[in-house]
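Notes follow the structure.
Residue numbers begin at 1 in each chain, while the letters A, B, ... track the order of the sequences. Basis for what follows: all heavy atoms, side chains included, without hydrogens, waters or symmetry-related copies. From a predicted model like this one, the values you see are computed outputs, not experimental measurements.
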2 protein chains.
Amino acid sequence: MFQQLFDSIQEKVTVTPAEMDICKTFFIPKKLRKKQTLLQEGDICIHNAFVEKGIMRSFFTDEKGNEHIVQFAIEGWWITDLSSFLTKSNSIYTIEALEDCELLLLTMEARETLIDKIPMFERYQRLLLQNAYIANQARINSALTETAEEKYVKVGLAYPGIIKRVPQHMIASYLGLKPETLSRVRKQISTRI
Amino acid sequence: MFQQLFDSIQEKVTVTPAEMDICKTFFIPKKLRKKQTLLQEGDICIHNAFVEKGIMRSFFTDEKGNEHIVQFAIEGWWITDLSSFLTKSNSIYTIEALEDCELLLLTMEARETLIDKIPMFERYQRLLLQNAYIANQARINSALTETAEEKYVKVGLAYPGIIKRVPQHMIASYLGLKPETLSRVRKQISTRI
DNA sequence: TTTCTCTGTTGACCTAAATCAACAGAATTT
DNA sequence: AAATTCTGTTGATTTAGGTCAACAGAGAAA
């Protein structure tokens, strides 16, 4: 149940088995079936979710009713609406399971207590945030400067595990493309090889 | 010299005047004239820079030779290449003064010592990073879903202090638009009012 | 002064991606 | 098994924004 989380923590910081055991007690295990949601648009996001098994997505819906995927999270990844979580504001995002999932949830209070008890956990969280920030910076550059084809090729290289498990039109949504466009881009690439 | 920095810190955390005095000693004041650089593409970014006075930009150059502005920083803002700074890797960005500037520089070592001595400084830095992350998330959504006009109107509302001080073609670059396009968008808006 | 460089505008034209629409195989649901 | 939803493809057409080129005013520099 906690294997992925332990791996993720140990990859970034050094903690003792005893600390790991304490750590466990702060998380709420939760199972979601495909299409169930962890967060609904308009609600306040009270959890930081770690994915032990399955795949989640967060998305928002624009005025024209189009869905835009913000993030995918597979095993070993975190997902939340950080803005809503931190400021206790209403979320514009929905977070939903794309497969049956096993999550480990951390509330704000649990997170703060855990940081107090195990200082390394704060470092772990900061490193996650730094990586997420850097990844987002790269995504901005990609969105502003690359063609549809470049975006698709890059996401395939960066997250091969995700494009294999997710419908193609969701990859399109993540990249800010229409499904038809992505289909044509793929055809284009395949005929060139 | 430290006024903007003090304001920025006090806006986010509580620190004593004594702590502020300690804080001072860790920063290296630096003046840059217009067009001088703090970081050159290819170098390792060894400073976290706080802008006391003036305005800075960071940008990268793509394969076709086009410059893309990543960030502006006016008084009270921080600017760095976080990826290069944290991992000591070669930067793809250049950081340059758009006006004569007064900066306060923090090296990695100074930053870590300061965090040790004044724990509140870590919290301050984490809050900055969280805000930057949330702002970047919004920028991704904007880049992927909005029209040229929507992007321009939003940036004008979000950062009025910046669009007044920066040439229009740099705003275009920041938004991923061509200068001609932004010029037309502005004309379009003005004829509608 | 006179030359530059920098900046913003406008026109004519082009192109990448969006839109609209139809279709078909897979996968679910009943 | 039949019906429905989900998914991906393809064609025809439109459109937002890019490209190329010329021009003009504002500063800065010589």
Side-chain angles (χ1 to χ4, degrees), chain A residues 33-36 55 57 59 61-69 72 96-100 141-156 162-193, chain B residues 33-36 55 57 59 61-69 72 96-100 141-156 162-193:
Chain A
R33 320 246 23 208
K34 187 172 173 172
K35 293 197 186 175
Q36 289 185 315
I55 181 163
R57 67 161 179 160
F59 65 94
T61 306
D62 68 21
E63 322 78 52
K64 294 163 209 141
N66 299 313
E67 280 183 9
H68 300 278
I69 294 181
F72 295 107
E96 180 198 67
L98 294 178
E99 299 172 1
D100 294 352
N141 295 348
S142 166
L144 293 177
T145 69
E146 294 175 357
T147 64
E149 179 172 332
E150 288 166 339
K151 288 179 201 175
Y152 177 68
V153 169
K154 273 211 187 167
V155 83
I162 289 174
I163 48 169
K164 279 185 211 114
R165 284 165 75 175
V166 158
Q168 193 173 304
H169 70 269
M170 289 196 185
I171 303 295
S173 169
Y174 178 77
L175 296 175
L177 303 173
K178 295 293 151 181
E180 300 95 317
T181 300
L182 183 54
S183 174
R184 282 182 245 264
V185 163
R186 282 165 48 87
K187 189 184 181 186
Q188 190 63 22
I189 292 171
S190 69
T191 58
R192 262 212 316 280
I193 296 171
Chain B
R33 320 247 19 210
K34 188 173 173 170
K35 293 196 186 176
Q36 288 185 317
I55 180 162
R57 66 161 178 159
F59 65 94
T61 307
D62 66 22
E63 321 79 51
K64 294 164 209 136
N66 300 314
E67 279 183 11
H68 301 277
I69 293 181
F72 295 107
E96 180 198 69
L98 294 178
E99 298 173 0
D100 294 352
N141 295 348
S142 165
L144 292 177
T145 68
E146 293 175 357
T147 63
E149 179 172 332
E150 287 166 338
K151 289 178 200 176
Y152 177 67
V153 170
K154 272 209 186 169
V155 83
I162 288 175
I163 48 170
K164 277 185 212 116
R165 284 165 76 175
V166 159
Q168 194 173 303
H169 69 271
M170 291 198 183
I171 303 295
S173 170
Y174 178 78
L175 296 175
L177 302 174
K178 295 293 151 182
E180 299 95 319
T181 300
L182 184 55
S183 175
R184 283 181 244 265
V185 162
R186 282 165 46 86
K187 190 184 181 184
Q188 189 64 21
I189 293 170
S190 70
T191 56
R192 262 213 315 282
I193 296 168

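With sequence neighbours left out, the side-chain hydrogen bond (donor to acceptor under 3.5 Å, both in side chains) criterion links B:Asp100 to B:Arg33. Every residue meeting the side-chain hydrogen bond (donor to acceptor under 3.5 Å, both in side chains) condition with B:Asp62, not counting sequence neighbours, appears here in chain and number order: B:His68.
Straight-line distance from the CG atom of A:Leu175 to the C1' atom of C:dA16: 15 Å, rounded to whole Å. With rounding to whole Å, A:Arg186 atom CZ is found 16 Å from C:dA17 atom P.
The salt bridge (charged side-chain N to carboxylate O under 4.0 Å, His left out) contacts involving residues 164-175 of chain B comprise B:Glu75-B:Arg165, B:Glu99-B:Arg165, where partners must be two or more places apart or lie in separate chains. Sequence neighbours left out, the pairs with a member in residues 141-150 of chain A that pass salt bridge (charged side-chain N to carboxylate O under 4.0 Å, His left out) are A:Glu146-A:Lys154, A:Glu149-A:Arg192.
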In a table with atom names and distances, give each donor-acceptor pair under 3.5 Å that connects a side chain of residues 168-185 of chain B to protein atoms at least two apart or in another chain.
residue  : atom : partner  : partner atom : Å
B:Gln168 : OE1  : B:Arg186 : NE           : 3.1
B:Ser173 : OG   : B:Glu67  : O            : 3.3
B:Ser173 : OG   : B:Ile69  : N            : 2.9

- Item | Contact state string [nucleotides 25-30 of chain C, B base, S sugar-phosphate only, - no protein heavy atom under 4.0 Å] | ------
- Query: Reading nucleotides 11-30 of chain D 5' to 3', which nucleotides get B (base under 4.0 Å from a protein heavy atom), which S (sugar-phosphate only), which -?
  - Reply: BB----SBBB----------
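Taken to the nearest 0.5 Å, the CD1 atom of A:Ile163 stands 10.5 Å off from the CZ atom of A:Phe72.
Bending across the helix from C:dT1-D:dA30 to C:dT30-D:dA1, expressed as the angle between its end axes from five pairs apiece, amounts to 40° (10° rounding).
Residues of residues 163-171 of chain B having a heavy atom closer than 4.0 Å to DNA chain C, listed by number: B:Pro167, B:Gln168, B:His169.
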